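The next block holds one structure in the form of structure tokens; read it before the comments.
Fair warning: this is a prediction, and the values are worked out from it, not measured in the lab. Here, residue 1 is the first one in the sequence, and each next residue gets the next number.
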Amino acid sequence: MKKKTPLRMCVACQAMRPKAEMLRLVAEEKGLVYDRTGKHNGRGAYVCRDEECLAAAVKKKRFLKTLGQDISGELLRELEELVRL
Ligand SMILES: [Zn+2]
């Protein structure tokens, strides 16, 4: 029997994908952080590992709506680097 992969919804395109194909952001007091391991505690939001989804999520302020905080320019640049790999 195939093991069920947990799916998460992208805040931009609303597609359901395996966690491994997504970037997870977690809201911390100091601001949003990128959760590299997927094990970070706290409220998280997922976005596809995709340049367009990332851009759309930022443009539509999805992180602000989902996590109550907007993404910082510094974190956005870090994520933009990641999705280009
Ligand atoms: Zn997406």
Practice task
Using a 4.5 Å cut-off on heavy atoms from C-beta on, say whether the side chain of P18 contacts that of L7.
Solution key: yes

Practice task
Look at atom CD of Q14 and say whether more than 12 heavy atoms of other residues, nucleotides or ligands are closer to it than 6.0 Å.
Solution key: yes

Practice task
Please report the shortest heavy-atom distance between A12 and C53, naming the atom on each side.
Solution key: CB-O, 3.2 Å

Practice task
Identify whether L75 and V83 are in the same connected component of the hydrophobic contact network (ILVMFWY, side-chain heavy atoms under 4.5 Å).
Solution key: yes

Exercise for the section: For the residue pair R17 and C48, establish whether any side-chain heavy-atom pair is separated by less than 4.5 Å. Expected result: yes

Practice task
Examine distances only and state if a side-chain atom of K60 and a backbone atom of A55 form a donor-acceptor pair shorter than 3.5 Å.
Solution key: no

Completion exercise
Separation between CZ (R77) and CD (E74), nearest 0.5 Å, reads 7.0 Å

Exercise for the section: Count the heavy atoms of every other residue, nucleotide or ligand shown that sit under 6.0 Å from NZ of K61, and state whether that count exceeds 12. Expected result: no

Problem - Min side-chain heavy-atom separation L25-Y34 under 4.5 Å - result: yes

Practice task
Measure the shortest side-chain to side-chain distance between L32 and L67 over non-hydrogen atoms and say whether it is less than 4.5 angstrom.
Solution key: yes

Handout entry: ILVMFWY network linking V58 to L23, side-chain heavy atoms under 4.5 angstrom
Key = yes

Practice task
Kindly compute the distance separating CG (D50) from CD (E21), expressed to the nearest 0.5 Å.
Solution key: 11.0 Å

Problem - CD (E52) with more than 12 external heavy atoms under 6.0 Å - result: no

Problem - K19 side chain reached by Y46 side chain, heavy atoms, under 4.5 Å - result: yes

Exercise for the section: With rounding to the nearest 0.5 Å, note down the distance linking CG in L82 to CD in E51. Expected result: 11.5 Å

Handout entry: L79 side chain near V47 side chain, heavy-atom distance below 4.5 Å
Key = no

Practice task
Establish whether V11 and M22 are linked, either directly or via other cluster members, by ILVMFWY side-chain heavy-atom contacts under 4.5 Å.
Solution key: no

Exercise for the section: Could you tell me whether the side chain of V26 reaches within less than 4.5 Å of the side chain of R43, counting heavy atoms only? Expected result: no

Handout entry: Reported CZ-to-CD1 distance for the pair R62 and I71, which is rounded to 0.5 angstrom
Key = 14.0 Å

Practice task
For residues Q69 and A27, report the shortest heavy-atom separation together with the two atoms involved.
Solution key: NE2-CB, 3.5 Å

Practice task
Any chance you could lay out the salt bridge (Lys or Arg N to Asp or Glu O under 4.0 Å) test for E78 and R36, step after step, and finish with the verdict?
Solution key: CA-CA 12 Å; E78 188 188 333; R36 218 170 288 272; 3.0 Å; yes

Exercise for the section: Determine whether P6 and R8 make a side-chain contact, defined as any pair of heavy atoms from C-beta on separated by less than 4.5 Å. Expected result: yes

Problem - Main-chain N/O of R24 paired with D35 side-chain donor or acceptor, under 3.5 Å - result: no

